[in-house]
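Throughout, a chain's letter reflects where its sequence line sits, starting with A, and its residues are numbered from 1.
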Amino acid sequence: MNAFYLALAYLRFHWLRSVILVLVAALILAVPLISQTLLDGARSTLTDRAEATPLVLGNRGSELDLVMNTLYFSDDSGEAITMAATEEIWDAALGIPIPINTAFETNDARIVGTSLDYFDFRDLEIAEGRNLAILGEALIGSEVSQRLGIGPGDTIVSAPQNLFDLDGVYPLELNIVGVFAPTGTADDEAVFVDIATTWVIAGIGHGHDGVFATDADTEEIVASAAIVEFNRITEENIDSFHFHGDPDTYPVTGLIIVPDDDRAGTILRGRYLDAANPLQIDVPSDVVGRLVERIFRIKSLLDAVTVIVGLAAAAAIGLAIFLSYRLRAREMQTAFKIGARRSMVLRLLLSETAILLVFAGLISTAIVIAVQSQGATIIAWLLAA
Amino acid sequence: MIEIRDLSFAYPSGEFRLSIPKLDLTKGERVAVVGPSGTGKTTLLNLIAGITVPQAGSITVADTAVTTLGDAARRVFRAREIGFVFQDFALLDYLTARENILYPFRIAAGAPLDANGRGQAERLAASCGLEGKLHRRPGNLSQGEQQRVALCRALVRQPKLILADEATGNLDPENKTAILDLMFSRTEEAGATLLAVTHDHDLLPRFDRVIDFAAFREGVAP
């Protein structure tokens, strides 16, 4: 008890040195645990979602970019394909295509344009509000709702694509009608809209006033100089919204395909094997499996680096404690002359080390718990980045 | 109180050799040890305290044959019977004055810290003029105050023998006198014997006896 008391008094007096030692020791303890926690979480998140997604279709190119974009809404969307690809899948009658358009974002959240099939496919439950009904409505993920403090009744504005392009895509104010229950996946970080709403954001569809037909026979349209495009879709102006061009040419960044059965999936894959076909179909579980394998190969290297850094830091801490005892040689000599027991010096050393390690352990535990509690968010963010 | 007979000590690596055929100190006696540097004055204190062990001869302190004790027993003996006062005070910078005075209870064998120990520390501190300063750390005390704290630490376990090694060496004349007054009065009050190494010849008349250490180099009893 006396050794503990003296050790505590010493550490408290030299508080800066003690704090540095505690923090270094805490990090040595926490870093491997955090990396293990995040990697395990990332692996299961990647694997679970990939295994739940039978096939994805997109432009020929990086299979990883396609999977990461279609499943985790990452930035790497690549070149868009068209709705004609969706029609091809429908025509083949071998499965259900679910279009995904991740071309836009808002408040650091991806706007995901899709069909209602997506919500059934992912088993997404609406915790608050209702499902999408009309153009311009949005259902938001739980993390987006929490982070931005918004919910049904609020609005959210899509980010402009280019601030300096006055002729470009204008932001659209989306009406939030519901919030999904948390899933611990990338869906929590997304803002879901109908696929057609993303086309409005893209400028393919729009609504405006000040336009009237002058000749019903020729369908000539005349717009007044005061034409105003609507940047929010409401019950009052929804009828003025219309789309231009061939619907088959409207863009999507990828498709999720839910084949009717294994045989249908194999047939579909076979149809897109030809390298001359500008489209490709990938099996997410295979792509993610290879990615995970690579990550864990890197992780073993990271583990080795962590061990080496940990040993070096532990040696530095040991050296700091040893040097501190060398500096306290006079104190030890005084203690010896006064009649200190031989074990007292050892107990002082052990008490100081134990106190430092206990505090380091508490801090590292707190760090690990904090990371674990936010693990799903961190992993979703890491995967979406 | 102290009986030294045919004492012979030499450091293994050096040419230094200390021989004391006979030296006696009576209980309550206040004895000064003087002599040139390197003549073994501090070594004598260490031998009496059982910190170092002589090659030959015997040392008896308060009826305890120190030279026959093992290492652990010598530590217990030292903690119980001897109080040390050092030239550089040897206070711990991370403890308050009060905690420094109580330090022997915390690290030494034989007497755990209790209410009596705390009471003794408070009384000693008050008698040494340290009231109101016991919460301060050594860095916030004057040198004279630091040596008073060191003196209280030496006396707190009520030892029978006080060994002072140049205890006034770092002090100004005013504090020298004050500390010596305190050392004398407190040791007398405790009925303890005082053996003080000093270079300060002005203080020698105040001691009961002065041992000139140069004589021991030739193995002659003073």
Side-chain angles (χ1 to χ4, degrees), chain A residues 1-25 316-360, chain B residues 42 45-46 48-52 69-96 98-114 117 137-140 150 153-157 159 161-165:
Chain A
M1 195 61 194
N2 286 324
F4 183 81
Y5 176 87
L6 292 172
L8 201 61
Y10 181 81
L11 293 173
R12 203 173 48 200
F13 183 71
H14 298 284
W15 64 270
L16 185 60
R17 168 189 165 278
S18 305
V19 166
I20 291 170
L21 285 175
V22 164
L23 289 179
V24 170
I317 290 174
L319 185 66
I321 292 173
F322 173 73
L323 287 176
S324 136
Y325 271 84
R326 287 291 298 271
L327 289 171
R328 294 166 70 188
R330 181 76 181 98
E331 176 189 341
M332 298 307 158
Q333 198 185 358
T334 303
F336 173 65
K337 284 189 172 180
I338 288 174
R341 285 154 293 194
R342 192 182 287 276
S343 62
M344 191 65 191
V345 172
L346 184 64
R347 277 192 286 157
L348 264 175
L349 179 66
L350 289 176
S351 297
E352 280 186 25
T353 310
I355 292 168
L356 289 174
L357 286 178
V358 164
F359 278 105
Chain B
T42 299
L45 299 190
N46 288 342
I48 291 170
I51 292 167
T52 45
L69 298 176
D71 180 62
R74 285 203 308 276
R75 285 168 189 263
V76 173
F77 155 78
R78 203 152 58 237
R80 200 179 55 224
E81 308 290 5
I82 292 176
F84 253 110
V85 187
F86 306 98
Q87 182 178 3
D88 62 357
F89 323 135
L91 298 177
L92 305 184
D93 60 353
Y94 62 89
L95 297 179
T96 62
R98 178 182 283 106
E99 289 163 338
N100 264 292
I101 294 170
L102 294 171
Y103 186 61
F105 285 110
R106 297 204 179 275
I107 57 132
L113 180 58
D114 57 15
R137 290 203 164 82
N140 295 322
R153 181 182 63 190
L155 290 163
V156 75
R157 290 185 69 175
L161 175 63
I162 299 294
L163 300 175
D165 193 356

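For a residue to count as touching a neighbouring chain, one of its non-hydrogen atoms must lie under 4.5 Å from one of that chain's; by this rule B/R137 touches chain A with the side chain only. In this structure, chain A has a heavy atom under 4.5 Å from the side chain of B/L92, while its backbone stays farther away. Of the two parts of B/D93, the backbone and the side chain both hold a non-hydrogen atom closer than 4.5 Å to a non-hydrogen atom of chain A.
Partner A/I338 forms a side-chain contact (heavy atoms from CB on, under 4.5 Å) with one of B/R153, B/R78, B/R75 and no other, that one being B/R153.
Partners of B/E81 by salt bridge (charged side-chain N to carboxylate O under 4.0 Å, His left out), not counting sequence neighbours, listed by chain and number: B/K160. In terms of the ring pair (Phe, Tyr, Trp, His ring centres under 6.0 Å) criterion, B/Y103 has no residue partners (sequence neighbours excluded).
For the atom pair CD of A/Q333 and CD1 of B/I51, the computed distance is 8.5 Å after rounding to the nearest 0.5 Å. Taken from CG in A/L6 to CG in B/L95, the straight-line distance is 6.0 Å, to the nearest 0.5 Å. Separating the OH atom in A/Y5 from the CG atom in B/L102 is a distance of 8.0 Å, to the nearest 0.5 Å. To the nearest 0.5 angstrom, B/L163 atom CG is 10.0 Å from A/K337 atom NZ.
Other residues, nucleotides and ligands contribute at most 12 non-hydrogen atoms within 6.0 Å of the CZ atom of A/F359.
Taking the side chain as every heavy atom from C-beta outward, A/R330 and B/D88 approach each other to under 4.5 Å.
Ranked by heavy-atom pairs shorter than 4.5 Å toward chain A, the options B/G50, B/A49, B/A90 are led by B/A90.
Between B/R106 and A/R341, the shortest heavy-atom distance links the atoms O-NH2, 3.9 Å.
Under the 30°/60° scheme for interplanar angles, the aromatic rings of A/F13 and B/Y94 are found to be tilted.
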